[in-house]
Amino acid sequence: MDQNRRQFLFGAASLALSRRAFGEGLFCQQTSTRLILLGTKGGPSLSDWRKNPATLLLINRTPYLVDCAYGASRQLKAAGVTPNELRYVFITHHHSDHNLDYGPLIYNAWATGLPVRIDAYGPPGLERMTQAFWDYSKFDIDTRIEDEGRPDLRKLVSVHEFSKTGVVMQNDDVKITSALVRHPPIKQAYAYRFDARDRSVVISGDTTYAPELADFAKGADVLVHEVMYLPGIENLLKRVPNAERLRQHLIASHTTTEDVGKVAARAGVQTLVLSHFVPGDDPSITDAQWTEGVRKHFNGRIIVGEDLMEI
Ligand SMILES: [Zn+2]
Ligand SMILES: [Zn+2]
């Protein structure tokens, strides 16, 4: 099946899901909160199939982007959002499959005519990363300010670092909170919870089994959780030279299908969305295999995420 056809089918399927999720009346209101998976493959390597991680929420039409792996700018565009509409960026942790497109994304917002400032939130390191990108692109930014009369991009981005669980930001539309998760060796790795007027969405970020995430996600409508399929990582490991170290890293820092089910059940969420698949580049793993372990513990609705799927 070619890519366009697949995307059409995913789009059609997710439209149906959205209608079911919201009911016809609410769905028609443009202000309802929309959740769109931009990239669902865990890890930094590139795949022709799933794109690297990024998740979009549109709350009262304003885009909130959680993580921006390589290609996030293009996936944002593919979801119908021009980069210059971007207003808020949230980084869960500083692995490159969550931040590699951070600088380019902000740049692309400017290049397409950034109208307002961007607020970027994330754990320590975000400020330094932002400054490093200004150094990286200094020649181009200075040239375009002088030559094309553009505003100074560096004055349009506001960085907010945080280093503990709690409220990250709040406005009239949404309250956003963070919770520390378990993603060794990284100490500062967070999940985010978006409590909008019409629905609550929790995004796990990268974590190994973290029972406390269930308390954080208590009563949420949707939990987007990372997932690892243990039998599948053995195939993945056959293809890399650093197999043993990588196996240890994956098991210590990601969540098995069974444990995702435990978290979702304990949280009592209505809908569990699997994303950040490890491995994320093996189409031979079926949806049934992804959900089998989860189902042992969780009886609610399970969605096996796809790029550009709306939930
Ligand atoms: Zn990751
Ligand atoms: Zn990670």
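Start at 1 with the first residue, then count along the sequence. Whatever order the structure lists ligands and atoms in, that order sets their numbers, starting from 1. Computed from heavy atoms alone, side chains included, the values below leave out hydrogens, waters and symmetry copies.
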Exercise. Going by the angle between their ring planes, with limits at 30° and 60°, are F90 and Y64 parallel, tilted or perpendicular?
Worked result: parallel

Problem set entry | By side-chain hydrogen bond (donor to acceptor under 3.5 Å, both in side chains) - contacts of T40 (at least two apart) | R50, D307

For this session: Determine, for Y209 and K262, whether the Lys NZ or Arg CZ falls below 6.0 Å from the six-membered ring centre while staying within 45 degrees of the axis.
Result: yes

For this session: Please check if the distance between the ring centroids of H183 and H94 is under 6.0 Å.
Result: no

For this session: Return the orientation label for the H95 and H93 ring planes: parallel under 30°, perpendicular over 60°, tilted otherwise.
Result: perpendicular

Exercise. Can you name the N, O or S atom of H183 that is closest to the Zn ion (ligand 2)?
Worked result: NE2

Seminar exercise, completed: Result, protein N, O or S atoms below 2.8 Å from the Zn ion (ligand 1), excl. waters, equals 4

Exercise. In terms of heavy-atom contacts, does CZ of R150 have more than 12 from other residues, nucleotides or ligands at under 6.0 Å?
Worked result: yes

